[in-house]
Protein chains: 2
Amino acid sequence: MPSRPLNDYISVDCVIFGYNGQELQVLLVDRTLTNNSTGQPEFTDLTLTGNHIYEDETIEQAAYRVLFDLTGLKNVFLDQFKTFAHPDRLKKENDRRWLIHDGRDPDKRIVSIGYFALLATQNITLEWKGRNVKWVPVSEVGELAFDHNQILEEALIALRNKIKQEPIGFELLPEKFSLTQLQNIYEVILSTELDKRNFRKKIARMKYLIPTDEKQTGVAHKPARLYVFSREVYEKTKKELFDFTV
Amino acid sequence: MPSRPLNDYISVDCVIFGYNGQELQVLLVDRTLTNNSTGQPEFTDLTLTGNHIYEDETIEQAAYRVLFDLTGLKNVFLDQFKTFAHPDRLKKENDRRWLIHDGRDPDKRIVSIGYFALLATQNITLEWKGRNVKWVPVSEVGELAFDHNQILEEALIALRNKIKQEPIGFELLPEKFSLTQLQNIYEVILSTELDKRNFRKKIARMKYLIPTDEKQTGVAHKPARLYVFSREVYEKTKKELFDFTV
DNA sequence: ATAGTTAGTGTTACTTTAACACTTAATTAA
DNA sequence: TTAATTAAGTGTTAAAGTAACACTAACTAT
């Protein structure tokens, strides 16, 4: 089990994206302080989730640990997208928000290795005891502490690039999902609208989306057929795509 | 100017790719030790180029500094592709190669932030005084020190992904280049063969490759027309490509 | 029963891709 | 000077993919 931090200066930050069937969300830690005498919040303060890397684990293991501690999930899509440094941290020494993180000296939190994770938010119960975490729609995220707005922005760029290249949309959905749900994922992430018939024709060419015999239940309209993603078929058929941009 | 290292544990490693008109190369540092009594090399040892991050610079500035110190070039294509850690470094304490790097304690060199750079190797004179650096064809790279084989492998993957999405091939060529040279870049990096006519038709659609009035000289065949890349036109026309993989 | 809602399905014009061979313009060798 | 050598440069066609477009089917709620 993890013991000592590898290094006080290095952490992983996880941009945990969730999808509730409507919109893309991100999991944030609320570090709002309440003034002891007035009972009013002294200031509100939100951050991404993150932690140190322990000396007996890889960076990736640290990122999975952060995820597991929060969600209890182990098989989550995770992608390292960029590493950030804060050489200008000294300029911020009067910014109170840099001084309370974890009670540690924030000056030491210099390098953060950014991961983004994808998960379906239904039937997830958040588990980080002693922390106040919540889902916030990406479109409604306000000012975050540290440079976390920048990290979130870069995570979104990485997510958009990734989804254009690999079929990762289903990672935001339950195991069985409808094609309309999948289409909505692409529309939300790429901020575009897609034609339903063309989308389904494209899917039909991909062999790794397998129709099941199940249908939606309890919906007040024609129930959609449910599909599953077959990683096995995907790995077999993904054969390098050699098209390129000159 | 850079002064103290930000942190002994963190470095940037630059995978510097070069193209000589024939094959893709990578710049390596030769740390071969010569035995004082016999005059024979005690062992050979190659690494990627890298250095610490200084406390008054960003990660990216550190990477540019490494590049500038070696090549004297400032406007080089540079892309941060992945960050690596070595939690298993203790297992390697009997491996001599981990003990001589820079004369520093190699145990401290734990996290390296990987960048890859692209440049044309003709008329580059290597400038890192006191270091023995050389170009090695990527296909002929043998065993490297530390985990540098892994870093190189990941850099190649990142380069292949990048060139499929953005026109960066010209970064490996002189300012003026022929279409055949550009095609060769794609063939070498993607390990494939491309049809000359189809390649040129694809280019014709892209407006940012501008023909000049100049031609090759001194070649024993029909001289090729030379082209330049227009970043200005590229930025105007790159408009999000919304095609995606389901 | 009917109103409301989302699922599911085909055709066509256009664009892109893939496969394929000969002529041109320079240098070098005879 | 002529011929040999080498890489540059160019067009057509069939197949596949993309984009644009509208109606019927199946379920729930009232």
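By convention in this document, chain letters (A, B, ...) are assigned in the order of the sequence lines, proteins followed by strands, and residues within each chain are numbered from 1.
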Whole-Å distance separating the CZ atom of A:Phe244 from the C1' atom of C:dT16:
13 Å
Quick one: label B:Lys215 by what it contacts on the DNA or RNA (base, sugar-phosphate, nothing), any heavy atom closer than 4.0 Å.
nothing
Separation of C:dT17 P from B:Asp243 CG (nearest whole Å):
10 Å
Parallel, tilted or perpendicular: which fits the ring planes of B:Phe177 and B:Phe170, with parallel below 30° and perpendicular above 60°?
parallel
Give one of base, sugar-phosphate or nothing for B:Arg200, where a contact means two heavy atoms less than 4.0 Å apart.
base
On DNA chain D, check which nucleotide each of B:Leu226 and A:Pro223 is closest to and give me the residue with the more 5' one.
B:Leu226
By the definition side chain to side chain donor-acceptor pair (under 3.5 Å), identify the one residue from B:Gln181, B:Glu214, B:Gln216 that meets it with B:Lys176.
B:Glu214
Spacing of B:Ile203 atom CD1 relative to D:dG11 atom P, expressed in whole Å
16 Å
Ignoring the backbone of A:Ala224, work out which of D:dA8, C:dA7, C:dA19 is nearest its side chain.
C:dA7
Relative to the 5' end of DNA chain C, which residue comes earlier, A:Asn198 or A:His221, by the nucleotide with the nearest heavy atom?
A:His221
On the side chain of A:Lys202, is there an atom forming a donor-acceptor pair with the base of D:dG17 - under 3.5 Å, no angle test?
no
Counting only side-chain N and O atoms of A:Thr180, is one of them less than 4.0 Å from OP1 or OP2 of C:dA7?
yes
Cationic N near anionic O, under 4.0 Å, A:Asp79 to A:Lys162:
yes
Rounded to the Å, how far apart are B:Gln216 CD and C:dT27 P?
11 Å
Distance in angstrom units between A:Lys222 NZ and C:dA7 P, rounded
10 Å
Proximal nucleotide (of D:dA25, D:dA29, C:dT11) relative to the A:Lys201 side chain
C:dT11
Grab the CG-P distance between B:Leu194 and D:dG9 for me, whole Å please.
17 Å
Check the distance between D:dA8's P and B:Tyr227's OH and give it to me in whole angstrom.
12 Å
As a test of reading the structure: which of C:dG10, C:dT16, C:dA7 is closest to the side chain of A:Arg197, going by heavy atoms?
C:dG10
Whole angstroms only, please: what is the CG-P distance between B:Asp195 and D:dT10?
14 Å
Here's a test for you: under side chain to side chain contact (heavy atoms under 4.5 Å, CB included), which of B:Ile189, B:Val188, B:Asn184, B:Thr121 qualifies with B:Leu172?
B:Ile189
Can we say B:Glu171 and B:Arg231 salt-bridge, meaning some charged N sits less than 4.0 Å from an Asp/Glu carboxylate O?
yes
If you only use heavy atoms from C-beta on, which nucleotide in D:dA26, C:dT28, C:dT9 is closest to the side chain of B:Ala220?
C:dT28
